[in-house]
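Take a look at the structure below.
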Amino acid sequence: MNKKYWLFKAEPHIYGVDHLNAAPEKIGRWDGIRNYQARNFLRDQVAIDDEVFIYHSSCKQVGIVGTAKVIKAAYPDPTQFNLESDYYDPKSTPENPRWVSVDIQLTHTFPRLITLAEIKAQPALENMVLVKQGRLSTQPVTKDEWKFILKMILK
DNA sequence: GCCAACGTTGGC
DNA sequence: GCCAACGTTGGC
C-alpha cells in the first residue's frame, strides 16, 4: 500500500498546530468534518501512516504550518452524537453514522509558515487542489507537491 | 430531477 | 465586512 498525502484545514483558534503540540504525544482527533467530499476522502482513502499537511485557514496568516501522520484510520466521529457539540447531527445514528474522524500525530512544526500566497505563486503548484478548489477541508496532495512544499521551507 | 433561494467557506 | 464559489434545501 503506497503512502498517500493530504492537506487538512482548520481554523487555528478552534483546532490547530498549537492544540496538537499541547496534547499528550502530540496526538489529536481530527473531527467535525461536515462536508461529504471531505468525508469521503477521510472514510475511504485516508489510511494509517499517510502524511498530512496542517493548514490554518480563516486567520491572519493562512498557510501550511506543519505535518502530521495518520495513526488511526476512519471511525465514527463522536461529536455527531453529542448534543452539546457544535457538530451534533440529529440525522446521524450510531448504527448508521454519517461522519468520521481520524487520529493524527504531529510530526513537524515548520520553522515558518508557508503562506497561501507563496503556494499560489509557484507554477509547480498550480494544480494543487488548494489552489484550484478553495473550499475543501480535506484534500489530496500529490507526492511531488508534498516534496516541493517541504523544500520551500528551506528557502 | 430541476432549480431558485439560502447558507457556508474562506480569502482578501 | 465583502463577496465568489461552492454546497444544501425544498417546492414543484
Practice problem: Compute whether any side-chain donor of one residue and acceptor of the other, for A:Asp77 and A:Thr79, lie under 3.5 angstrom apart. | Solution: yes

Practice problem: Scan A:Lys132 against the nucleic acid and name what it touches under 4.0 Å (heavy atoms): base, sugar-phosphate only, or nothing. | Solution: nothing

Quiz prompt | Modelled atom types, side-chain donor and acceptor of A:Asp89 and A:Trp99, under 3.5 Å | solution = yes

Quiz item: If Ile, Leu, Val, Met, Phe, Trp and Tyr residues are connected whenever their side-chain heavy atoms lie under 4.5 Å apart, and connections chain through other members, are A:Phe148 and A:Val129 in the same group?
Solution: no

Exercise. Provide the start and end nucleotides, 5' to 3', of the part of DNA chain C that has atoms under 4.0 Å from heavy atoms of chain A.
Key: C:dA5 to C:dT8

Exercise. Compute whether any side-chain donor of one residue and acceptor of the other, for A:Thr109 and A:Asn21, lie under 3.5 angstrom apart.
Key: yes

Quiz item: Between the side chains of A:Tyr87 and A:Asn82, does any donor sit under 3.5 Å from an acceptor?
Solution: no

Practice problem: Tell me what A:Glu11 touches on the nucleic acid: a base, only sugar-phosphate, or nothing, going by heavy atoms under 4.0 Å. | Solution: nothing

Exercise. For A:Ser57, answer base if it contacts any base atom (sugar-phosphate contacts may also be present), sugar-phosphate if it contacts only those atoms, and nothing otherwise; contact means non-hydrogen atoms under 4.0 Å.
Key: sugar-phosphate

